[in-house]
Amino acid sequence: MLTSTGLGVAALGLLGAGQTVGWIEPLARIVPRDRAVGPQGLPVNRTAAQAGVTTAAIDPAWRLLVRTPTASTSFSRESLLAMPQSRSALPIACVEGWSADGVWDGVALRDLLVAAGASPGSRLRLTSLERDGAYTVTEMPGEYAADPLTLVALALGGRPLHVEHGYPARVIAPGRPGVLQTKWLSSVEVL
Ligand SMILES: Nc1nc2c(c(=O)[nH]1)N[C@H]1C(S)=C(S)[C@@H](COP(=O)(O)O)O[C@H]1N2
Ligand SMILES: [Mo]
């Protein structure tokens, strides 16, 4: 019994250590995803192709729709870039067990709401270009919408957002799980 327990422990050690010890990397099965993989230095779990959004994401006709109870305003990427830009250094914190820091530039969500005639502390429904999935729609409480660090991000690390990170625009907000940081944003609705 001691022998088999010992062998089991040794096997588990091998399966776990593969991220640190190069030669047993192919055996690594119980480690977090490789954090270094992905454009602009951030991991990517779900690519634009997997989400089925590549065509819509790079379409120049893309507009971000901001709907309030009384008005509907659409913003092209150019018009968003022409607005005052804010910078936030914020991590993506994925429940799968990784976290990665980024420096994001874009329009503060509160500024966008004001530009669309809404209150900056509005509760919001955020919709992605990605259809039929767990990531299509999220809700954001007003205190996050009002936070000056919460952005409709257009750039990461000083470069235009890569399509794998949500081009043409994504949400980045402080203190929320990664799953709520909507990529390929398509609309913001005031609830
Ligand atoms: N539209 C959309 N937004 C999304 C995702 C996604 O698959 N589709 N993934 C979420 C998750 S789980 C995390 S941790 C972050 C980073 O995901 P990524 O690694 O797929 O870029 O974006 C979030 N936003
Ligand atoms: Mo995630």
Side-chain angles (χ1 to χ4, degrees), residues 19 28-67 74-77 80 86-110 112-113 123-145 147 149-191:
Q19 202 163 45
R29 287 292 172 273
I30 49 172
V31 295
R33 281 162 198 267
D34 188 347
R35 301 150 48 99
V37 177
Q40 297 180 310
L42 259 76
V44 173
N45 284 350
R46 192 161 165 77
T47 65
Q50 286 166 341
V53 299
T54 310
T55 309
I58 63 173
D59 187 345
W62 174 88
R63 295 290 182 275
L64 177 61
L65 188 66
V66 182
R67 280 174 51 190
S74 62
F75 296 84
S76 64
R77 202 180 130 90
L80 292 170
S86 300
R87 171 165 287 187
S88 302
L90 289 172
I92 298 278
C94 180
V95 292
E96 286 186 26
W98 57 265
S99 170
D101 293 314
V103 175
W104 311 86
D105 295 296
V107 179
L109 187 52
R110 53 178 297 152
L112 183 73
L113 292 172
R123 201 163 69 86
L124 304 175
R125 179 185 294 127
L126 307 168
T127 307
S128 172
L129 291 171
E130 182 175 355
R131 296 284 159 228
D132 317 316
Y135 306 102
T136 306
V137 180
T138 61
E139 287 192 10
M140 178 182 278
E143 54 269 36
Y144 292 96
D147 193 313
L149 291 178
T150 300
L151 304 185
V152 172
L154 306 168
L156 171 56
R159 315 288 302 168
L161 204 56
H162 195 284
V163 73
E164 308 300 7
H165 291 307
Y167 179 98
R170 84 167 306 156
V171 171
I172 184 81
R176 303 199 94 200
V179 64
L180 298 177
Q181 313 276 28
T182 306
K183 304 200 284 186
W184 313 296
L185 190 61
S186 109
S187 74
V188 174
E189 281 169 84
V190 172
L191 297 175

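Both ligands and their constituent atoms are indexed starting at 1 by order of listing.
Among all protein heavy atoms, the one lying closest to atom 6 (C) of ligand 1 is Tyr135 CG, 3.4 Å. The nearest heavy-atom contact from the protein to atom 15 (C) of ligand 1 is Gly178 O, 3.4 Å. Nearest protein neighbour of atom 1 (N) of ligand 1, counting heavy atoms only, is Glu130 OE1, 2.9 Å. Taking atom 7 (O) of ligand 1 as the reference point, the nearest protein heavy-atom neighbour is Arg46 CD, 3.0 Å. Taking atom 16 (C) of ligand 1 as the reference point, the nearest protein heavy-atom neighbour is Ile92 CG2, 3.8 Å. Looking only at heavy atoms of the protein, atom 19 (O) of ligand 1 is closest to Asn45 N, 2.6 Å.
When heavy-atom distances to ligand 1 are checked against a 4.0 Å cut-off, Ser128 comes that close only through its side chain, counted from C-beta outward. Heavy atoms of Gln181 found under 4.0 angstrom from ligand 1 belong exclusively to the backbone. Under 4.0 angstrom from ligand 1, there are no non-hydrogen atoms of Glu96.
With Trp184 contributing its side chain and Val163 its backbone, the two residues share a donor-acceptor pair below 3.5 Å. Proximity of a side-chain donor or acceptor of Glu189 to a complementary backbone N or O of Leu124 within less than 3.5 Å is not detected.
Using a 4.0 Å heavy-atom cutoff, Ala51 is absent from the residues neighbouring ligand 1. Heavy atoms of Arg170 come nearer than 4.0 angstrom to ligand 1 in at least one pair.
Residues Arg170 and Leu161 have side chains in contact (heavy-atom distance under 4.5 Å, counting atoms from C-beta outward). Side-chain contact check for Leu156 versus His162: every heavy-atom pair is 4.5 Å or farther apart. The closest side-chain heavy-atom distance from Ser186 to Leu65 is not below 4.5 Å.
In terms of N/O distances under 3.5 Å, ligand 1 is not approached by Trp98. Where the criterion is an N or O separation shorter than 3.5 Å, residue side chain and backbone included, Trp184 fails it with respect to ligand 1. In terms of polar-atom proximity, His165 is not counted as a contact of ligand 1, lacking any N or O under 3.5 Å from an N or O of the ligand.
When Gly166, Gly38, Cys94 are ranked by how near their heavy atoms come to atom 14 (S) of ligand 1, first place goes to Cys94.
Other residues, nucleotides and ligands contribute over 12 non-hydrogen atoms within 6.0 Å of the CZ atom of Arg46.
Considering CG of Leu151 and OG of Ser86, their distance stands at 6.0 Å, rounded to 0.5 Å. If you take CH2 on Trp104 and OG on Ser88, they are separated by 10.5 Å, rounding to the nearest 0.5 Å.
Ionic pairing of Lys183 and Glu130 is not present here: no N-O contact between side-chain nitrogen and carboxylate oxygen is shorter than 4.0 angstrom.
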